[in-house]
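What follows is a set of notes on a single structure, which appears directly below.
The first residue of the sequence shown is numbered 1, and numbering continues consecutively from there.
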Amino acid sequence: MTAPQCIDPVVGDILSGWRYDISGLSVAMRTDYDQHLSDCDHCRRRQRTARTIDVLLISITSLSAVAFLLAAVVLHRVEALAHVGNLVHAHLRHTAITISLEAVAIAGLLFSTFLWVLVAIATPLPGLVSDLVQQRIPPELRERIMKNAA
């Protein structure tokens, strides 16, 4: 069984160059590409793959940011508990190891946040999410929001 080929390679090449993001195009330009995506199984599958990768990237960077934030908070709390006094009989003192682990957690949080911003900029997810939200808002509420914004 062979993989389906694009029914119009020229349009397929244009779409793949944009990573199948047509959300920023005007309605007049978008109609041909929408029609091609509805007719072409090959390009529709590649668009779905690109969206899956985008969602995975934003999910992984979000989860890593949350994990580093949790690690920084836990390490900060452990350090605070060590300073309570002799009530805690653990060998946790304000040591270079605790400070360096907390610094690594904060650096990881900053790096993960930076990566999240890069992924959000490089992928069409923010535009797609805003389009989905706008489609779900009732028309009368959408008109009221547009009047208040103007």
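Taken to the nearest 0.5 Å, the CG atom of Leu70 stands 12.0 Å off from the CG atom of Leu63. Expressed to the nearest 0.5 Å, how far CZ of Phe111 lies from CG of Leu109 amounts to 12.0 Å. The line from SG of Cys6 to CZ of Arg45 is 12.0 Å long, rounded to the nearest 0.5 Å. Here the CZ atom belonging to Arg51 is positioned 5.0 Å from the CG atom belonging to Asp54, to the nearest 0.5 angstrom. In this structure, the separation between CG on Leu37 and SG on Cys43 is 6.5 Å, given to the nearest 0.5 Å. Atom CZ in Phe68 sits 12.0 Å away from atom CD1 in Ile106 (nearest 0.5 Å).
Following chains of ILVMFWY side-chain contacts shorter than 4.5 Å, one can reach Ile53 starting from Trp116, so the two form part of one hydrophobic cluster. At a threshold of 4.5 Å between side-chain heavy atoms, the hydrophobic network of Ile, Leu, Val, Met, Phe, Trp and Tyr places Ile121 and Leu115 in two separate groups.
By the 4.5 Å heavy-atom criterion applied to side chains, Phe114 and Leu110 are not counted as neighbours. Side-chain contact between His36 and Ile7 is present, with at least one heavy-atom pair separated by less than 4.5 Å.
A donor-acceptor pair under 3.5 Å links the side-chain atoms of Thr61 to the main chain of Ile58, judged by distance alone.
Every residue two or more places apart in sequence or in another chain that forms a salt bridge (charged side-chain N to carboxylate O under 4.0 Å, His left out) with Asp41 is listed here: Arg44.
Ser64 approaches Ser112 most closely through the heavy-atom pair OG-OG, 3.0 Å.
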